[in-house]
Every structure is written in C-alpha cells, then in structure tokens.
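Here the structure is laid out as structure tokens; the discussion comes afterwards.
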Amino acid sequence: MTLDRLPLLASGKVRDIYELGDRLLLVASDRVSTYDVVHPNTIPGKGAVLTGISAFWFDRTSHVIANHVVSYTDGIPEEARGRGVVVRKLEMLPIEAVVRGHITGSGWRDYQASGTVSGIELPAGLQESQELPVPIFTPSTKAELGTHDEAIDFARAAELLAPVAPDGDGDALATRVREASIALYRLGHEHARSRGVILADTKFEFGLDPETGELVLGDEALTPDSSRYWPADGFEVGTTPPSFDKQYVRDWATSSGWDKTPPAPEIPAEVVKGTQERYAEAYERITGEPLSAWLERTR
Ligand code: ATP
Ligand code: MG
C-alpha cells in the first residue's frame, strides 16, 4: 500500500489525515509554515520529529489518560514511517484544551487588557513570560479554517461540551478535561525542566471513544508545534523568549524581505539544514535519544 492509494480525509497546514477503515492514519508532513504561510520546500525529518515527540509523551502519560495511538508501524506505508501513526477514530471535543504555566502570547495580551485569562483572575504586576503561581486551564474554541481560536472561560467550555457529554453533563466533562490537561502539563513541564527546557504552555485535543464513551487524548502531545518550549538557559522574564526550533527559520523569514503574504519564498539550503538540525536537537533534548533511534524503531 502506498499513501496515494489511501483516501485523504483532510489536509491541515502540517498534517494529512487518511481513512484506514474504522481508524485514521495521521501523517505529519515535513512542510513548514512561517507567519501562517506554507513554504514551497520542506524540512526533511521535521514530520518524524513531531510524531516521535508525540509518541514519547503518549507513552509516558497513558497512566494519566488513555490516548488514541494504535500503531506506528502496522498499516503504515513505508514512505510515511516515522511520520505516521494509526489512531482510534474519536469524536473530537469542540474545544482546545490549553494549559499555561507561563504568561505569554495571547494570554499575555489578554492579561494586559483585563488582568484575566479565560476568566481566571491573575495576580497584578506579572511580567511577560513570568511563571504563574500554578498552571491554569485556558480553553479556546476550535477555529474553523481561516479564523482564529477564541479564548473562552470554563463555563463556556462546559456549555460547548454539554451536547456531546455523557448525560449532557458538560460541567463534569469539562472538569475531567481540565484535570487531565493540567496533570499532563505538569508531567511535561517537570520533564522538560530536567532537560534544560521550559514548557511555557501547550494545547491538547481530546475526544470520546464512540463505542465506550471513554475520554481519550488525541491529536499530538507536547510537540513543539502544539507547545511553546523555551531554552531554560538565558531565560529572562519581561522578554519574549525564542522558541526552541522554529525561531531560526522564522528569523530568516523575518529578515528575508518577504512581505509575509502568499506565496512564501523558497527557504535557502543552508537555512533548511540549520532548521533540520534544530528539530533533531529538539527531539534529542526532550526524549534523551537521537532521532535515528526513533527512525530505526519505526522502519
Ligand atoms: P493546523 O494544525 O494546520 O492549524 P488543524 O489542527 O485543523 O490545522 P491538523 O493538525 O493538520 O489540522 O490535523 C489534525 C486534525 O485531526 C484536527 O482537526 C484534530 O482534531 C483531528 N484529530 C486528531 N486526532 C484525531 C482522532 N483520534 N480522531 C479524529 N480526529 C482526530
Ligand atoms: Mg493541529
């Protein structure tokens, strides 16, 4: 079987989703976008890094929450090995489960405007990127294509979940999602810290198993695409720390003279190479093994 023989259900900016009977095949591509525009050339190995980091985390967190993983090898065409994962098809919940341990990005903007994030009152006088007293659950809507996710408070999340929740109890389901998300963040943060990396915030997507009703972690887990990872070395509050891997190609894009509207320019070979090295390093930093070990296991 080759990829082009499988029915393609959807194609995001980065991932392709194929139907595999009652399962799905998620394939992380090597595509790279900056400023939300995809470049014409790829970063070889990037997809494997994203899938391998997710695998690492699904493995280490299955005692906290069940996940959608079925296999990284069985049923996966050769050209997608390392980048692909066969998963249970879930009914995805209509919210994104964001957890923030540091105040940055849109959370920082909301805090500056209102002193709150997702309706949660935060201490006065926080500086950009500062660690919060405790990690907070700041859900958002799942944006339709071409729109942006919108921060919502817990009560709104519960309302959105009610139609799909067991017994219509959106509050109970939102509570379970919040508890699982914060527990996952804590594990991710603690581990990253031991590896010299700060996990500033992250986003999870959960679904319900259509047969059992079980709450299951889907999508990707604690990858550099779904999270903000900062090097702990040189971290300073009051600044916007550089992201671990993508910053390099983004810096190039910023200084390239491109006006950030489509089409995005071809990334020069040496920038591709530098970006590849940084992604591979992200894999190694987080998992403690070289990327080649993951490629070997999934061959
Ligand atoms: P982008 O990442 O480009 O902004 P996106 O997040 O919609 O857009 P992808 O990340 O490429 O797209 O695709 C993943 C999609 O698959 C998401 O819509 C996600 O909710 C869905 N998904 C992930 N895991 C499962 C699963 N186990 N069952 C059903 N759908 C899933
Ligand atoms: Mg996505």
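Just follow the structure's listing: the first ligand is 1, and inside any ligand the first atom is 1.
Ligand 1 is approached by Lys142 to a heavy-atom distance shorter than 4.0 Å.
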Name every donor-acceptor pair, under 3.5 Å, that has one atom in a side chain of residues 37-49 and the other anywhere in the protein, sequence neighbours excluded.
| residue | atom | partner | partner atom | Å |
| --- | --- | --- | --- | --- |
| His39 | ND1 | Pro265 | O | 2.8 |
| His39 | NE2 | Thr34 | OG1 | 2.7 |
| Asn41 | OD1 | Ile267 | N | 2.9 |
| Asn41 | ND2 | Ile267 | O | 2.8 |
| Lys46 | NZ | Arg31 | O | 2.9 |

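The distance from ligand 1 to the heavy atoms of Glu205 drops below 4.0 Å at these ligand atoms: 19 (C), 20 (O). Of all atoms in ligand 1, listed by their number and element, those nearer than 4.0 Å to a heavy atom of His68 are 24 (N), 26 (C), 27 (N). Near Met92, meaning under 4.0 Å from one of its heavy atoms, ligand 1 places the atoms 20 (O), 25 (C), 26 (C), 28 (N), 29 (C), 30 (N), 31 (C).
The proximity of Ile17 to ligand 1, defined as any non-hydrogen pair under 4.0 Å, is limited to the side chain. Residue Glu220 does not touch ligand 1, judged by heavy-atom distances below 4.0 Å. At a 4.0 Å heavy-atom cut-off, ligand 1 touches Val87 through the side chain alone. Contacts of Leu24 with ligand 1, taken as heavy-atom pairs under 4.0 Å, involve the side chain alone.
No N or O atom of Lys89 sits closer than 3.5 Å to an N or O atom of ligand 1. For ligand 1, the polar-atom distance check against Asp219 finds a nitrogen or oxygen pair separated by under 3.5 Å.
By the 6.0 Å and 45° rule, Arg178 stacks over the aromatic ring of Phe154.
Looking at Arg15 and Asp219, a side-chain N of the basic residue comes within less than 4.0 Å of a carboxylate O on the acidic one, giving a salt bridge. Taking a cutoff of 4.0 Å between a charged side-chain nitrogen and a carboxylate oxygen, Glu277 and Lys273 qualify as a salt bridge.
Annotation: Asp167, atom CG; neighbour count of heavy atoms from other residues, nucleotides and ligands within 6.0 Å does not exceed 12.
No single ILVMFWY cluster, assembled from side-chain heavy atoms under 4.5 Å apart, contains both Val216 and Leu24.
Partners of Tyr72 under the ring pair (Phe, Tyr, Trp, His ring centres under 6.0 Å) rule, at least two apart in sequence or in another chain, are Trp294.
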